[in-house]
Amino acid sequence: LKQVATVSEVLTQILLVRILRLARLARAVRLMVQFRVLWQLVQGLLHSVSTLLWTFLMVMILVYGFAIVGIETIHVDLSLPLDHPYNLAVTE
């Protein structure tokens with residue numbers, strides 16, 4: 001009877017080790033699936049870098065152009081008194 005209990009304990013421990021190995025394998029498979037999605041996201045980002053840089057360049061050119069237009073059109077209006085809110089805002 002004592003040997004049967006010992007064999008049962010050994011089988012329980014072997015089963016526990018097998019379950020832990022299976023859990024570790026399942027975790028590895030899950031990480032591989034997540035890394036595949038992450039890799040696809042990174043590849044998409046890398047393939048779009050040139051488009052993003054050109055878009056950034058175009059936006060900067062537009063901002064620069066509108067800044068020049070703003071500097072040229074927003075100036076002190078001599079037809080208004082110098083303490084008028086518009087002239088005060090322009091001189092700040």
Side-chain angles (χ1 to χ4, degrees):
L1 190 63
K2 188 175 180 183
Q3 285 181 338
V4 173
T6 306
V7 171
S8 175
E9 289 174 9
V10 170
L11 288 177
T12 304
Q13 290 176 352
I14 291 174
L15 183 62
L16 179 64
V17 169
R18 290 179 75 186
I19 289 173
L20 289 175
R21 283 185 181 176
L22 186 62
R24 189 169 60 181
L25 179 66
R27 190 179 85 190
V29 169
R30 183 183 53 131
L31 288 176
M32 286 176 56
V33 169
Q34 288 178 351
F35 281 131
R36 185 180 308 135
V37 172
L38 178 64
W39 180 245
Q40 287 176 343
L41 289 172
V42 169
Q43 277 186 327
L45 186 62
L46 290 177
H47 289 299
S48 66
V49 165
S50 64
T51 304
L52 289 172
L53 288 176
W54 281 110
T55 303
F56 177 74
L57 180 68
M58 292 300 295
V59 167
M60 288 298 109
I61 289 172
L62 284 171
V63 167
Y64 185 74
F66 279 110
I68 290 173
V69 169
I71 291 295
E72 292 297 323
T73 57
I74 301 173
H75 51 67
V76 175
D77 189 359
L78 297 177
S79 66
L80 296 172
L82 292 177
D83 61 346
H84 189 273
Y86 174 80
N87 284 336
L88 291 175
V90 169
T91 56
E92 288 182 358

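With rounding to the nearest 0.5 Å, the separation of CZ in R18 from CZ in R21 is 9.0 Å. Here F66 contributes atom CZ and I71 contributes atom CD1; the two are 14.5 Å apart, rounded to the nearest 0.5 Å. One finds the CG atom of L20 at 9.5 Å from the CG atom of L15 (value rounded to the nearest 0.5 Å). The CG atom of L82 sits 8.5 Å away from atom OG1 of T91, with the distance rounded to the nearest 0.5 Å.
Atom CE of M58 has 12 or fewer neighbouring heavy atoms from other residues, nucleotides or ligands inside a 6.0 Å radius.
Applying the side chain to side chain contact (heavy atoms under 4.5 Å, CB included) test between L53 and each of L57, V49, T55, T51 identifies V49 as the sole match.
No donor-acceptor distance shorter than 3.5 angstrom exists from the side chain of D77 to the backbone of N87, with no hydrogens or angles considered.
L80 and L88 fall into different hydrophobic clusters, where Ile, Leu, Val, Met, Phe, Trp and Tyr are joined by side-chain heavy atoms under 4.5 Å apart, directly or via other members. Under the 4.5 Å side-chain heavy-atom criterion for grouping Ile, Leu, Val, Met, Phe, Trp and Tyr, V63 is connected to F56 within one hydrophobic cluster. Linking Ile, Leu, Val, Met, Phe, Trp and Tyr whenever their side-chain heavy atoms come within less than 4.5 Å puts V76 and I74 in one cluster. I19 is not connected to V17 by any chain of hydrophobic side-chain contacts under 4.5 Å among Ile, Leu, Val, Met, Phe, Trp and Tyr, and they are in different clusters.
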